[in-house]
Amino acid sequence: MPRESQQQKAVRTGNIIAVLRATYPDAHCELNYTNPLELLIATILSAQCTDKRVNIVTKELFAKYRSARDYANADLKALENDVKTTGFFRNKAKNIQACCRALVEKHGSEVPRTMDELTALGGVGRKTANVVLGNAFNINVGVVVDTHVARLSHRLGLTRETTPEKIEEDLQKLVPQDQWCLFSHLLIWHGRRRCLARLPDCPRCEVKDLCPRIGVPRRALEPLNR
Ligand code: SF4
């Protein structure tokens with residue numbers, strides 16, 4: 001693909017979005033939740049864990065802990081046990097409790113709606129805050145950059161950056177703000193179904209004509225070149 005201007009890249013990004021929207025009209029957050037608190041807890045648990053596993057764990061967790069106060073007052077060992085199978089359970093339980101104590105003490109047990117307030121809660125980073133703001137409140141203040149978004153943004157030639165913060169900055173320049181939340185869902189869905197980490201399915205990829213396939217393993221491209 002010839003070197004493209006920022007404007008050409010933005011147009012190409014728009015075309016990628018259009019194709020992915022048509023491919024995944026139902027793209028959405030795959031964590032199960034019914035309110036902002038549940039999404040916040042599920043997102044904390046999703047670090048280094050699959051959404052599928054988190055959904056199994058939260059089915060019982062959300063039945064047992066119904067409010068920020070329930071987590072704040074929980075016995076830490078019991079909470080650790082309840083989230084054990086999501087991995088890094090001691091840290092996650094500690095973060096959930098610290099975060100919920102702050103919700104009770106500073107926010108009337110409600111999940112706040114700003115990036116600054118959310119990232120001031122224990123164990124809540126920018127990525128978690130972006131997930132909560134975008135999905136629970138429909139507020140687009142950033143782009144969620146997880147492992148799929150980072151990998152696909154690189155392969156699609158939308159960024160050369162390697163840190164989530166820098167990748168997010170590049171994506172914010174290319175994607176219209178009202179589509180930031182949707183955009184990460186589209187890349188995550190495509191990353192899970194087509195552009196897999198180890199071996200992307202480039203020959204059958206819906207956006208292959210828009211993708212420079214940067215850094216893609218040669219064996220994934222061979223069927224294309226035949
Ligand atoms: S063409 Fe290949 S590298 Fe590009 S998005 Fe599709 S599967 Fe991923």
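Computed over heavy atoms, backbone and side chain alike; hydrogens, waters and symmetry mates excluded. Counting convention: from 1, in listed order, for ligands and their atoms alike.
Ion pairing between a basic and an acidic side chain is recognised when a charged N comes within 4.0 Å of a carboxylate O; K94 and E80 show no such pairing. Comment: R194 engages E206 in a salt bridge, judged by a side-chain N to carboxylate O separation of less than 4.0 angstrom. A salt bridge links R193 to E30: at least one charged side-chain nitrogen sits closer than 4.0 Å to a carboxylate oxygen.
Rounding to the nearest 0.5 angstrom, the gap separating the CG atom in L40 from the CD1 atom in I44 is 4.5 Å.
Heavy-atom proximity to K208, at under 4.0 Å, picks out these atoms of ligand 1: 1 (S). Residue contact check: P200 has heavy atoms under 4.0 Å from atoms 7 (S) of ligand 1. Every atom of ligand 1 is numbered from 1 in the order shown, and the set under 4.0 Å from a heavy atom of R213 is 1 (S), 3 (S), 4 (Fe).
Geometric assessment of R192 against the ring of W189 yields a negative cation-pi assignment under the 6.0 Å and 45° thresholds.
In terms of protein heavy atoms, atom 8 (Fe) of ligand 1 is closest to C195 SG, 2.4 Å. Atom 2 (Fe) of ligand 1 has as its closest protein heavy atom C202 SG, 2.3 Å. The nearest heavy-atom contact from the protein to atom 3 (S) of ligand 1 is V216 CG2, 3.5 Å.
Here the rule is side chain to side chain contact (heavy atoms under 4.5 Å, CB included) with L156, and of T13, I214, L210, L187 only L187 fits it.
Not one N, O or S atom of C205 sits under 2.8 Å from atom 2 (Fe) of ligand 1.
For C211, every heavy-atom contact with ligand 1 shorter than 4.0 Å involves the side chain, none the backbone.
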